[in-house]
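Count residues from 1 along the sequence.
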Amino acid sequence: MALIEIDRVSMSYGTPARAVLNRIDLAIEEGEFVCVLGQTGCGKSTLLRLLLGSEHPTEGRILIDGREHHQPDRTRGYVPQKYALFPDKTVLDNITFGPEVSEFRLWRRWTSGFRRRRIELRRQALDYLRQIGLCEADQRKYPDQLSGGMQQRVAIAQALMTKPRILLMDEAFSALDPGTRKEMQRLIRSLWQATATTVVFVTHNTQESLRLATRVIVLAKGSSEQGSRVRLDVRISDSSTEHEISQLAHHLESVSEQTNLVQAVSTT
């Protein structure tokens, strides 16, 4: 059984209803690195929110380990496009905030068990700090003292602290400059290899998807009145040559362009 099963999922918003996703069927195995590729407005982020459990499909269902989850939980870490850091908390406090809130109760705050667990969480946070390429001195800084790339590194550590089986990333590197973006791509790929976490990464950048993924899924609309469907689902081999990757990039972009043309014609 696949870790994630997306079973005939459709999603609409508003009155009258505007279709965003149209009968999506996908199975994602544990340990895959899946990039969801597509143009702006094709429903990539909507699909990610459905996987997170913060929204629910109009039709169909999403199963994780064979069960529906109706709200976010610790099985799924989430890294948004815009940094979700608390401006009044230090780097270390930002990273430990989630586990501390979920594990601790007010009445336990003065017990020896609380103190031991808090020390353990902070030790884990420092380990993640080093893994994401920051130094120990950065733990005392506040978000406004960090560059965009550093803030995104902290957001990734924040998501990984709960040890999620699934990491959901929504255009996580799109606001970064090209050099920092490449560094972050290398970082997330190495973290994935080290942890075997299942990653679902939303992007509209074809080259980024091919650098990162073991599998690329292209979402696109057939017409302005239809929600997006899966137009292409391809697996990427680690042994692929530069020529094969270049050909695949051209194919992915041509599928996207053809779909956009169909959609444009249908609205004229």
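Considering V202, I156, V200 in turn, I156 is the only one that fulfils the side-chain contact (heavy atoms from CB on, under 4.5 Å) rule with M169.
Expressed to the nearest 0.5 Å, how far CD of Q158 lies from OG1 of T96 amounts to 9.5 Å. To the nearest 0.5 Å, the span separating CD on Q131 from CG on L126 amounts to 11.5 Å. One finds the NZ atom of K221 at 11.5 Å from the CZ atom of R231 (value rounded to the nearest 0.5 Å).
Salt bridge status for R122 with D93: present, with a side-chain N to carboxylate O gap under 4.0 Å.
The backbone N or O of R23 sits less than 3.5 Å from a side-chain atom of S10, completing a donor-acceptor pair. No side-chain donor-acceptor contact under 3.5 Å links T203 to the backbone of S209. Panel note: side chain Q152, backbone G149; no donor-acceptor pair is recorded below 3.5 Å. Side-chain atoms of R49 do not come within 3.5 Å of backbone N or O of E55 as any donor-acceptor pair. A donor-acceptor pair is defined here as one N or O able to donate and one able to accept, closer than 3.5 Å; no such pair exists between the side chain of E100 and the backbone of F97.
Between W192 and F33, the angle of the ring planes goes over 60°, which puts this pair in the perpendicular group of the 30/60° scheme.
Contact annotation: the side chain of V36 never approaches that of L48 to less than 4.5 Å [non-hydrogen atoms, C-beta and beyond].
Judged by distance alone, the side chains of T75 and D73 do bring a donor and an acceptor atom under 3.5 Å apart. Using modelled atom types, one finds no donor on one side chain facing an acceptor on the other under 3.5 Å when comparing S45 with E171.
In plain terms, the two heavy atoms of C42 and L219 that are nearest each other are SG-O, 3.7 Å.
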Can E120 and R117 be said to form a salt bridge (charged side-chain N to carboxylate O under 4.0 Å, His left out), step by step? CA-CA 5 Å; E120 182 182 346; R117 180 57 178 152; 3.1 Å; yes
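Note: the hydrophobic cluster containing V234 also contains L210 (ILVMFWY, side chain heavy atoms under 4.5 Å, direct or indirect links). Cluster annotation: F201 is connected to L167 through the hydrophobic network of ILVMFWY side chains, with a link wherever side-chain heavy atoms come within less than 4.5 Å.
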